[in-house]
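Since the model is a prediction, treat every value here as computed from it, not as a measurement. Counting starts at 1 for both ligands and their atoms, in listed order.
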Amino acid sequence: MKKYFIRTFGCQMNVNDSQKMAGILKSLGYEPARDWREADVILVNTCSVREKPDQKVLSALGEYKKIKRENPNAIIGVCGCLAQRAGYEILQKAPFIDMVFGTTNIHHLPQLLEEAQKGNKAVEIIEEIDENETELDKYPTVRENKYTAYVTVIRGCDKKCTYCIVPTTRGKERSRRIGDIIREVQWLVEDGVKEIHLIGQNVTAYGKDFGDVKFWELLYAVANVDGVERIRFTTGHPRDLDEDTIKAMADIPQVCEYLHLPIQAGSDRILEAMDRGYTQKEYLKKIELLKKYIPDIALSTDIIVGFPGETYEDYLETVKVVKEVEYDQIFAFKYSPRPGTPAAHMKLTEDYQKAGQWLSDLINIQKEIAFKKNLSYEGKTVEVLVEEEKDGKLVGRTRTNKLVHLEGEHNLLGSIVNAKITKANRFSLEGEAIKETV
Ligand code: 5AD
Ligand code: SF4
């Protein structure tokens, strides 16, 4: 049997695309390889959100060059956001690559593969969005995790955040038809999935392009599918997160008490330069509403440090918000200019060198907050979806998205159990399964 190996960089959308590509390859008779050395097809699904992932991809490609020497019949393909943005450049730098394709024509993988197997370069990078891109949705996903699954609900992004490459690499917003989403959720549940994770660059904009359905209505529709035990969604935009959605989150029992709500910066001046469409006060108001309707909600956010023009005083506004909100987790990055974005033409902040230090200070502040939050779980009993077994322990997540290592019986895999938390670590919890709840 022929084997494939897929390496994935980047966000949940890329992870889901890779799972779909694995589904396509499975339907073509391929099975997964243990590592790239034994693969007949290697796919590198790339990210371009910052410069670092760009560089990581290029160095990974250098590694894969070896496989061409050892196994000249192996097909190497590059896809995803960097391929969409700079596919031809990649081909020039790494001429041993056989296939390059963009983010909206992944469903052409079978034809591209056939072309590459004939010894031709199979390249398909189109600027406009492939009108048949939803063909991809018809393939089943191949997932590592049996009990949780991503479901794409919207592709692309219409926001014009000045630092962001995503509108270039993934195009404008396109919501999926609600019937198609529900059908996919039904298949997944039949396949044993308990937790549905709705994804998109901006899920809270769901339905805006149709005009007749809202994101909160989608939440109710997913919750109505028999067998859906948990619902999560990523990523919401603070501007589109309305009270109706927050009310639905509070009202629907399956929607987990967790939300990732990127703030990016605390200073109004910087938020405006980023074109985020809200002020610090407006953002905090949404957080207040979330905490009002869902008192035990866990929150996480994305932050950029060192945006053009950001001063130490601006940065301190971000620190203030982080301390005030008390996020469970933050994902903080040093600003990285991206080609073709409006911010790439802005002068780097005079303090750009210092931003590295600001970033590590911010991460240290957050570490203490997160640890304090984890400590508050000690002695509590919480619901855990047991997702896998590792080194003799059960591993799962709380509704608030905390990783838990559990003592318990193997037969609890895939069920939601009550667990008593016995110990809090910095990045995870430990506990004992008490009894099955569902
Ligand atoms: N520089 C640094 N971080 C960025 N992000 C997006 N673009 C950039 C950039 N040019 C971060 C944002 C986003 C996350 C996925 O990556 O915080 O929410
Ligand atoms: Fe990376 Fe953005 Fe593409 Fe996701 S959408 S893979 S974060 S560039």
Side-chain angles (χ1 to χ4, degrees), residues 8-17 45-57 80-82 84-86 103 150 154-170 173 197 199-205 233-241 259-267 270-271 273-278 280 283 286 299-310 314-315 317-319 321-322 325 327 329-349 351-356 358-360 362-363 366:
T8 309
F9 296 87
C11 65
Q12 69 276 3
M13 298 303 283
N14 259 22
V15 171
N16 192 225
D17 286 345
N45 194 359
T46 62
C47 171
S48 195
V49 77
R50 287 171 294 276
E51 206 177 337
K52 250 196 200 147
D54 270 19
Q55 286 163 353
K56 271 198 218 155
V57 168
C81 292
L82 180 61
Q84 179 71 42
R85 180 175 78 71
T103 50
Y150 286 138
I154 182 169
R155 299 184 158 92
C157 184
D158 281 357
K159 298 279 184 285
K160 296 276 179 289
C161 304
T162 52
Y163 51 79
C164 191
I165 195 89
V166 174
T168 318
T169 61
R170 295 233 169 219
E173 283 165 5
H197 194 150
I199 58 167
Q201 253 76 38
N202 180 11
V203 286
T204 33
F233 59 88
T234 331
T235 301
H237 193 292
R239 206 152 87 183
D240 297 327
L241 181 76
L259 187 68
H260 181 67
L261 197 63
I263 183 165
Q264 310 298 2
S267 146
I270 298 302
L271 284 170
M274 289 176 163
D275 204 3
R276 289 290 290 172
Y278 53 83
Q280 180 196 115
Y283 178 89
K286 303 257 163 143
L299 296 161
S300 61
T301 200
D302 286 344
I303 289 168
I304 298 175
V305 174
F307 187 78
E310 190 171 52
D314 292 315
Y315 158 77
E317 288 295 307
T318 303
V319 174
V321 173
V322 166
V325 175
Y327 294 102
Q329 201 177 4
I330 66 168
F331 300 88
F333 314 96
K334 187 172 171 183
Y335 169 71
S336 154
R338 305 315 290 135
T341 59
H345 305 289
M346 299 177 191
K347 201 167 152 267
L348 272 185
T349 181
D351 288 321
Y352 193 62
Q353 295 303 331
K354 295 183 200 150
W358 300 352
L359 179 66
S360 58
L362 184 67
I363 290 170
Q366 174 57 28

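- In terms of N/O distances under 3.5 Å, ligand 1 is not approached by Arg338.
- Counting heavy atoms closer than 4.0 Å to ligand 1, residue Tyr163 contributes atoms from both its backbone and its side chain.
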Could you walk me through whether Leu362 and Ile330 pass the side-chain contact (heavy atoms from CB on, under 4.5 Å) test, one step at a time?
-> CA-CA 9 Å; Leu362 184 67; Ile330 66 168; 4.0 Å; yes

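- Heavy-atom contacts of Lys334 reach the following atoms of ligand 1: 2 (C) (cutoff under 4.0 Å).
- Looking at Thr301 and Val325, their side chains never come closer than 4.5 Å, going by heavy atoms from C-beta outward.
- Close approach of ligand 1 to Tyr335 is summarised as follows: ligand atoms under 4.0 Å from at least one heavy atom of the residue are 1 (N), 2 (C).
- When non-hydrogen atoms are compared, ligand 1 lies under 4.0 Å from the side chain of Ile304 (C-beta onward) but not from its backbone.
- In summary, the side chains of Ser300 and His260 do present a donor paired with an acceptor at a separation below 3.5 Å, with no hydrogens or angles considered.
- Below 30°, between 30° and 60°, or above 60°: for Tyr315 and Trp358 the angle between ring planes is below 30°, a parallel geometry.
- Within ligand 1, the atoms closer than 4.0 Å to a non-hydrogen atom of Gln264 are 12 (C), 13 (C), 17 (O), 18 (O), numbered from 1 in the order shown.
- Between Gln280 atom CD and Ile263 atom CD1 the span is 6.5 Å, to the nearest 0.5 Å.
- The shortest N or O to N or O distance between Arg50 and ligand 1 is under 3.5 Å.
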